[in-house]
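So the structure is just underneath, and the comments pick up after that.
Reminder, nothing fancy here: chain letters follow the sequence lines and each chain counts from 1.
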There are 2 protein chains.
Amino acid sequence: MKTEHIEIREDSRASLSQLPHARKLPCDTCPGRSLGVCSPLDDLRLAHLLALGGRRHWAKREFIYRAGDPMQMIYKIITGIVVESRMLYDGRRQIVGIRTTGDLCGYPENRGRYLFSGEALTEVEACAFDKRKFDALVAGHVDMACALADDTSRKLERASENLTVMGQLISTERVAHFVVEIGELNASRQIDTDPLKLHLTRQEIGDYLGLTLETVSRSFTRLRHLRILALVGTDAVAILDRKRLHALAHTSRSA
Amino acid sequence: MKTEHIEIREDSRASLSQLPHARKLPCDTCPGRSLGVCSPLDDLRLAHLLALGGRRHWAKREFIYRAGDPMQMIYKIITGIVVESRMLYDGRRQIVGIRTTGDLCGYPENRGRYLFSGEALTEVEACAFDKRKFDALVAGHVDMACALADDTSRKLERASENLTVMGQLISTERVAHFVVEIGELNASRQIDTDPLKLHLTRQEIGDYLGLTLETVSRSFTRLRHLRILALVGTDAVAILDRKRLHALAHTSRSA
DNA sequence: CGGGAACTTGATCTCGGTCAATATTGGTGG
DNA sequence: CCACCAATATTGACCGAGATCAAGTTCCCG
């Protein structure tokens, strides 16, 4: 049936194909990048932190914490992927961030309660810290406080990028951006890079990008017909044309 | 002409009118709220900070810094309103945040350059600090580092909220949310509260909410016809029905 | 294998974008 | 103080991307 008469007006959208882009980025999780003042929340302090809580494990699709629950613990991910999300009264859900190795999650808080829910997308290993003790530690150690500021700053950077994605990009561009983002995430963990594993269902990608699952699916189909992606099974992609993918994605960091 | 046959299907969107909402919130700029561990970036330290730079002044519509420029200074707003925004190659613009009294702006950075542009919406008075010296101060003082973490955390909270707004709310809900947000902002500064001054043009509100200026205008018209708002001149509104406004806005903090 | 969840695809509808006139309005100078 | 005018906002007509509703299809996972 239809093979190639679906096309995206790349031209109508920008002269960006002539612009420099798609340069390889520095690792997204390297510390001290955003504010430049901080040492990482690294193994040096991990001993301290472990003393506050300890290592725990969650199965795929398990909730680590839920929005509205009293905040007891915050978590530092060792392995795995966690999504933070919020749900409206009527069931509309927004995924506000994808967290992985090295990220803190569980804050910000809202009057002593979790503001978001955290759900394990894969098997997750994380350190859990009592929030009060963590706060005390932060308040007493400049390097911890800086590491926290830095972690938060990186989240803010990505949230701001996603604001641009949601506010300005059309559906296929958003999905392209998502693939680039997941690629960077996985690259930073040195896993699942070639057949790039997505770990999110179409519904979840939709809830992340402000689209319906059908539109996400159609966007993947378009990217496939454009020979930018190939779908590998249902939860992975192969990037066939990285340049055009990045052009569509309009990533801020390649500018 | 048409007076009342424009209506919003509130019912189709939620049972939220029955839910508790619209409670008055604690001041949005009160410090230490998000992480609970930090002292504010307050006048105690302001002496230190002033020594690093000094007070400066910008006229309405003046740019304080521009995305891509080498980052020299960061700013702490004393009075006025600043919007931070990013522009795509093709002219699409996203406003990623509205900053006001007490907020820091100018970071995060992107390889030593500003990631966003900062534009004064009103006359702005701010302290400008050399970034390097500021970093050094932060690295040397726990309370400064905590204050920075806290400022960043509040920005993240608001950015995450706006992700939900952009991803899940329809146009009129987004505009309602914007009005609530500006209301909280102005309330925290104890100015422009009754005829609530917006300070943003329809185009800017559109660039903030991911809508066109026409859709923003139509949304205001709808809110007027619903007797939720009255427009006062072109840049201010009177809130006639706070309860329904909050219901439409789906603010997370009233949940 | 078999069954159920996840995905794809199609048809249709609608909200918001686009293009195009007006209509306000607020700032400026006479 | 008023008249003018450029900038901003409103409104209308039309269109299209994405939502919605509805089958089918594929893919896992037991």
Side-chain angles (χ1 to χ4, degrees), chain A residues 1-3 5-10 12-13 59-61 90-93 121 165-176 195 197-207 209-225 229-237 248, chain B residues 1-3 5-10 12-13 59-61 90-93 121 165-176 195 197-207 209-225 229-237 248:
Chain A
M1 53 211 66
K2 67 195 59 184
T3 22
H5 68 342
I6 293 172
E7 82 283 78
I8 295 173
R9 278 92 16 76
E10 297 188 351
S12 81
R13 272 291 166 188
K60 200 168 163 169
R61 303 288 150 185
D90 53 8
R92 285 180 280 181
R93 179 177 68 155
L121 283 194
V165 168
M166 307 251 293
Q168 305 303 324
L169 303 194
I170 63 176
S171 60
T172 307
E173 293 174 334
R174 292 191 210 182
V175 172
K197 203 132 199 297
L198 302 178
H199 297 292
L200 279 75
T201 65
R202 300 291 184 261
Q203 176 67 58
E204 287 164 339
I205 298 171
D207 287 346
L209 298 176
L211 301 169
T212 60
L213 68 96
E214 293 94 333
T215 299
V216 172
S217 178
R218 281 185 243 270
S219 296
F220 274 118
T221 302
R222 256 175 239 152
L223 292 171
R224 189 154 48 83
H225 287 164
L229 291 185
L231 304 193
V232 179
T234 188
D235 191 37
V237 299
L248 277 179
Chain B
M1 54 212 71
K2 69 194 58 184
T3 21
H5 68 343
I6 295 170
E7 82 282 77
I8 296 171
R9 278 89 18 74
E10 297 185 351
S12 82
R13 271 290 165 187
K60 203 169 161 166
R61 302 289 149 186
D90 52 9
R92 286 180 279 180
R93 179 177 67 154
L121 282 193
V165 168
M166 306 252 292
Q168 305 303 325
L169 303 195
I170 63 177
S171 59
T172 306
E173 293 174 334
R174 293 192 209 181
V175 172
K197 204 134 198 299
L198 302 177
H199 296 293
L200 279 75
T201 65
R202 300 293 184 259
Q203 176 68 59
E204 287 163 339
I205 297 170
D207 287 345
L209 298 176
L211 300 169
T212 60
L213 68 95
E214 292 95 332
T215 299
V216 173
S217 179
R218 281 185 244 270
S219 296
F220 274 118
T221 302
R222 256 175 240 151
L223 292 170
R224 190 153 47 83
H225 287 163
L229 292 184
L231 305 192
V232 179
T234 189
D235 190 36
V237 300
L248 278 179

Donor/acceptor link under 3.5 angstrom from [X] side chain onto base of [N]:
| X | N | result |
| --- | --- | --- |
| A:Glu214 | C:dC7 | no |
| A:Gln203 | C:dC7 | no |
| B:Arg218 | C:dT18 | yes |

Phosphate OP1/OP2 of C:dA6 contacted by A:Thr201 side-chain N/O (<4.0 Å): no
N/O (side chain, B:Arg224) to phosphate O (OP1/OP2, D:dT11) under 4.0 Å: yes
Among D:dA19, D:dT10, C:dC19, the nucleotide that comes nearest once only the side chain of B:Ser217 is considered: D:dT10
Side chain of B:Leu211 - closest among C:dT8, C:dG17, D:dT10: C:dG17
Nearest-Å distance for atom pair CZ/P, residues A:Phe220 and C:dC7: 9 Å
Rounded distance in Å - CD1 (B:Ile205) to P (D:dA9): 8 Å
Position toward the 5' end of DNA chain C (nearest nucleotide), B:Thr215 or B:Lys60: B:Thr215
Which residues share a side chain to side chain contact (heavy atoms under 4.5 Å, CB included) with B:Ser217, sequence neighbours left out: none
Partner residues of A:Ala230 under the side chain to side chain contact (heavy atoms under 4.5 Å, CB included) criterion, sequence neighbours left out: A:Ala238, A:Leu240
Sugar-phosphate only, base, or nothing, as touched by A:Thr212 at under 4.0 Å among non-hydrogen atoms: base
Helix axis bend for the helix from C:dC1-D:dG30 to C:dG30-D:dC1 - C1'-based end axes, five pairs, 10° rounding: 60°
Heavy-atom pair of closest approach, residues B:Val216 and B:Ile205: CG1-CG2, 3.8 Å
